[in-house]
Amino acid sequence: MYKKFYKLSSQERRTILQDNGRYDFDLDVPLPESTSENMIENNITLYELPMGVVTGFLMNDKEYVIPMVTEEPSVIAAANNAARIFASNGGLKAKVISRLMRGEIAFSSPLYDYGEYIDNHYDELIDLCNRSYPSIVNRGGGVQSIKHRLIHNENKPSFFIIDVTIDTQEAMGANMINTILEALQAHLQEIYNHEPLMAILSNLADECLVEATIEINPETLRFPESIAQRLEEAYQLASVDPYRAATHNKGIMNGIDAVVIASGNDWRAVEAGAHAYASRSGSYQPLTTWSIADNGNILGSITIPMAIGTVGGTVKLHPKAALAKKIMDYSDAKELMSLIAGIGLAQNFAALYALTTDGIQKGHMRMHARSLAMNAGANENEIQEVVRRLIKDKPMTLQKAELILKEIRR
Ligand code: NDP
């Protein structure tokens, strides 16, 4: 259905998507100024980024098209390559481990054991929280737990912290969490006669977790005799070398951010959650694992916090987020969480597969040459020739692209 999709023009791609019920011209419109003006402060204009798609993305036996918003060449090509390989191995399996958000209220220098009051009035406090945001309770969510902890380190300031976990249903929930926390903190301030330091959601959303896995037969890859071991070693390297782990995770976020942005969600929240989760053991770790199964197959997995919503924020305000929903055809936040995690795993596989075989530059060469040609000022009719000559006569540099362009124009 999407064969040789990459060879088509943008217009032809849109037509194919529309024929498959995954595109709507009415949604492919810029954000109206009347919306952007109310979205941020001091708004002056819009800043565009390209949106592309990954086709044939098989997850939990359903085939998806995934929109990705990115300025980086090769990201979408790499994700498509991984999607094709994953699909030929039966596709990804993904599941949401839990979908709860957390907020915290912090008191500095606690004067006595504040925890006792919470334990003794637990149900009342849950009720107080839920009464402060009744609509989320009516939607089937609301506060799930109120816990407390004392952070006390010798020669350092102490803090009493109250953790509130909330089922925010289809919303990411930042604003509803903050509203609930404010109600609770006002009550506790009166009880403790102590002003809290702050009350805010936590972006370390480790109870809003999603997992995606893939099993790959090495025979479906190049270098089948060595690739499984090389992928496992690539993971092991990232688990002992933070310099590599940072780049390993950046590659994962290449995919994740691109879909989070397309969906209209807060990618800084997802980024913060991902990196904090990667550091939870005290050392910065890769967000994916790669190992070899007893049958010799390659096992890849990702577990990552994914604080996204399908309502609220800009999700419903931005026409392109509505277009992204049409393209992905997800039904709820759990499905969207799974798709985003799956793309992260696919992106990571594509990077490791390239790095442990041909090296990353080979795949990037053509896109890099295009970028150099455009930066040198080549127009649409000149780009192809500049790219051809750049690839033929390495190394590829901007200076070389400018020289080639001069020659062509002579
Ligand atoms: P909203 O404040 O927009 O709240 C969600 C809205 O969705 C509510 O108005 C709710 O309605 C409505 N809604 C409709 N259907 C549902 C449903 N099925 N389940 C749940 N809600 C539903 O957004 P969030 O609270 O999700 O906050 C997200 C925004 O907060 C993002 O833009 C983010 O950038 C920002 N933010 C992030 C922070 C961080 O990450 N640290 C901090 C502060 C803000 P109703 O009113 O009837 O309940």
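The residues of the chain are indexed from 1 along the displayed sequence. The figures here come from the full heavy-atom set of this structure, side chains too, leaving out hydrogens, waters and symmetry mates. Counting starts at 1 for both ligands and their atoms, in listed order.
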- Aromatic plane relationship, Tyr284 with His275 - under 30° parallel, 30 to 60° tilted, over 60° perpendicular: parallel
- Task: Would you please classify the geometry between the Trp290 ring and the Phe349 ring as parallel, tilted or perpendicular, with 30° and 60° separating the classes?
- Result: tilted
In the protein, which heavy atom is nearest to [atom], and how far is it?
atom	value
atom 8 (C) of ligand 1	Tyr133 OH, 4.0 Å
atom 2 (O) of ligand 1	Asn175 ND2, 2.9 Å
atom 26 (O) of ligand 1	Gly173 N, 2.6 Å
atom 48 (O) of ligand 1	Ser135 OG, 2.6 Å
atom 7 (O) of ligand 1	Val311 CG2, 3.6 Å
atom 6 (C) of ligand 1	Gly312 CA, 3.9 Å

From the options [options], select the one whose nearest heavy atom is closest to [atom].
atom	options	result
atom 14 (C) of ligand 1	Glu170, Arg268, Met176, Arg139	Arg139
atom 30 (O) of ligand 1	Ala174, Ser202, Ala205	Ala174
atom 40 (O) of ligand 1	Asn178, Ile308, Asn203, Val270	Asn203

- Does an N or O anywhere in Met172 fall below 3.5 Å from an N or O of ligand 1? yes
- Polar atom proximity, Gly313 to ligand 1 (N or O, under 3.5 Å): yes
- Item | CA sep, side-chain torsions, deciding dist, call: Val270, Met253, side chain to side chain contact (heavy atoms under 4.5 Å, CB included) | CA-CA 9 Å; Val270 173; Met253 301 316 285; 4.1 Å; yes
Taking only heavy atoms of [X], which atoms of ligand 1 are found under 4.0 Å from at least one of them?
X	answer
Thr168	19 (N), 20 (C)
Leu201	38 (C), 39 (C), 41 (N), 42 (C)
Ala171	5 (C), 19 (N), 20 (C), 21 (N), 26 (O)
Ile136	20 (C)
Ala269	40 (O)

- Message: Could you check, using the six-membered ring where one of them is a Trp, whether Phe107 and Tyr114 have ring centers closer than 6.0 angstrom?
- Response: yes
Checking side-chain polar atoms at under 3.5 Å, does [X] have a donor or acceptor matched by the opposite partner on [Y]?
X	Y	value
Glu63	Tyr2	no
Thr220	Ser88	no
Asn20	Gln18	no
Gln347	Asn254	no
Asp358	Tyr353	no
Ser283	Gln285	yes
Asn80	Tyr6	no

- Using heavy atoms and a threshold below 4.0 Å, how should the contact between Asp266 and ligand 1 be classified: side chain, backbone, both, or neither? side chain
- Task: Please confirm whether Gly309 comes under 4.0 Å of ligand 1, counting heavy atoms of the residue only.
- Result: no
